[in-house]
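Input: a single structure, listed below in structure tokens.
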Amino acid sequence: QIISTMETQVSNGPTSNSLPNGPPLSANGAADDSKTNLIVNYLPQNMTQEEFKSLFGSIGEIESCKLVRDKITGQSLGYGFVNYVDPNDADKAINTLNGLKLQTKTIKVSYARPSSASIRDANLYVSGLPKSMNQKEMEQLFSQYGRIITSRILVDQVTGVSRGVGFIRFDKRIEAEEAIKGLNGQKPLGASEPITVKFANNPSQKTGQALLTHLYQTTARRYTGPLHHQTQRFRLDNLLNMAYGVKSPLSLISRFSPIAIDSVTSLAGVNLTAASSSGWCIFVYNLSPEADESVLWQLFGPFGAVTNVKVIRDFTTNKCKGFGFVTMTNYEEAAMAIASLNGYRLGDRILQVSFKTSKQHKA
DNA sequence: TTTAATT
């Protein structure tokens, strides 16, 4: 049985946010928040925890709420949870906020299913679909394997025609596994080509990779002269290793990367106050007046563990004063971020990035 | 040809 579906963002018809059925059945004995706990999806990327709480707090008293964010970068993952004190307020939130348009998104508000391992990793990527197949037909094809939580067919942004690619999220992972067994490589009735069905990638991996590719291209261009092919290859390896959480020995970076050597050498001029118990403080200069914390998370997150970011603002105008600070846990990752981001072009500005010195922090 | 759905 299909409990709810979501159409593509470009076609927000009246059916795009069909109301969920009643609250899930409560588990016996366990604390029953099934009638008060909601999951909120398709939130705008830049929505903060405070804005999230404010929006849902306008309905009624909140017991707890959480905007889910990436553990490393702090970036919003575009969804969150709200647990109300009163089940009536949860119901009211669904009725009044589900389908609300926020910037380019149409948010979805529904009861959260009880959290368990069995509902994780139940999202499928489907390709090779007939262009004529619509969302409902795709759901009919997959619904024989279990309860579908969401489905989506990706469409061309201009023409609106199907790209033959879609997603199916099942209630349970085993249902998704069965659908792969039953449908991968099979031709839907009347189709001329077989479809491919597999587990979907985690979307959070994409932004890091895209940023790294961009960074590599821009930094490689800046160091055309002295760079040998071998050096470039090791630099790319290091960047990719960061993306996948693989440690690169500093000795390797130092031996093969003139950029990294520069950053290490420059340490001689850095006051040791850059390091503290909470990590390595990095000074970022030439940010635009409109810069906010999210851009710092985006820039430095791919290089490793970031524990804090701060944009320094004018007290009266609230505009960025042109600089900010980033704290990273590991020296090696901080050095790589500095080596890669110093001189990086952000919009029409060239960033200056270095370890924080006592001089720059002068009161 | 890969979208921000389980704290």
Below 6.0 angstrom between ring centroids: does that apply to A/Y125 and A/F167?
->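 Yes, they do, as the ring centres are separated by less than 6.0 Å.
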Using the test side-chain contact (heavy atoms from CB on, under 4.5 Å), find all partners of A/I174 that sit at least two apart in sequence or belong to another chain.
->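 Partners of A/I174 under the side-chain contact (heavy atoms from CB on, under 4.5 Å) test: A/K172, A/E177.
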Should the pair A/F142 and A/F170 be assigned to parallel (<30°), tilted (30 to 60°) or perpendicular (>60°) ring geometry?
->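 The rings of A/F142 and A/F170 sit tilted, inter-plane angle from 30° to 60°.
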Any idea how A/F52 and A/F56 line up, ring-wise: parallel (<30°), tilted (30 to 60°), or perpendicular (>60°)?
->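 Rings of A/F52 and A/F56: tilted, as their planes differ by 30° to 60°.
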From [atom1] of [X] over to [atom2] of [N], roughly how many Å is that when rounded to an integer?
X	N	atom1	atom2	result
A/D33	B/dT6	CG	C1'	12 Å
A/Q45	B/dA4	CD	P	10 Å
A/Y125	B/dA5	OH	P	16 Å
A/F167	B/dT2	CZ	C1'	4 Å
A/Q103	B/dA4	CD	P	14 Å
A/L77	B/dT2	CG	C1'	16 Å
A/N123	B/dT6	CG	P	8 Å
A/E193	B/dT1	CD	C1'	16 Å

[N], OP1 or OP2 - any side-chain N/O from [X] closer than 4.0 Å?
X	N	answer
A/S115	B/dT7	yes
A/N201	B/dT2	no
A/R152	B/dA4	yes
A/R163	B/dT2	yes
A/K198	B/dT2	no

May I ask you to decide whether A/K319 forms a salt bridge with A/E290, counting only side-chain N to carboxylate O separations under 4.0 Å?
->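 Here A/K319 pairs with A/E290 in a salt bridge, since their nearest N and O are under 4.0 Å apart.
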Of all the choices, [options], which nucleotide is nearest to the side chain of [X] once you look at every atom?
X	options	result
A/I39	B/dT7, B/dA5, B/dT3	B/dA5
A/F81	B/dT7, B/dA5, B/dA4	B/dT7
A/K108	B/dA5, B/dT6, B/dT3	B/dA5
A/R113	B/dT6, B/dT2, B/dT7	B/dT6
A/A112	B/dT7, B/dT3, B/dT1	B/dT7
A/R169	B/dT7, B/dA4, B/dT6	B/dT6

Mapping A/S127 and A/G78 to their closest nucleotides on DNA chain B, which lands nearer the 5' end?
->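 By nearest-heavy-atom nucleotide position, the 5'-most residue is A/S127.
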Can you find a pair of side-chain heavy atoms, one from A/I312 and one from A/F325, that are under 4.5 Å apart?
->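 Touching, per the 4.5 Å side-chain cut-off.
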Would you call A/Q45 and A/Q103 a side-chain contact if the rule is heavy atoms closer than 4.5 Å?
->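 No; the side chains remain at least 4.5 Å from each other.
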Residues of residues 46-55 of chain A with any non-hydrogen atom less than 4.0 angstrom from an atom of DNA chain B: list those, numerically ordered, please.
->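 Those residues: none at all.
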Determine yes or no for a side-chain-to-main-chain donor-acceptor pair under 3.5 angstrom, with A/R345 supplying the side chain and A/G347 the backbone.
->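 Judged by distance alone, yes, a pair lies under 3.5 Å.
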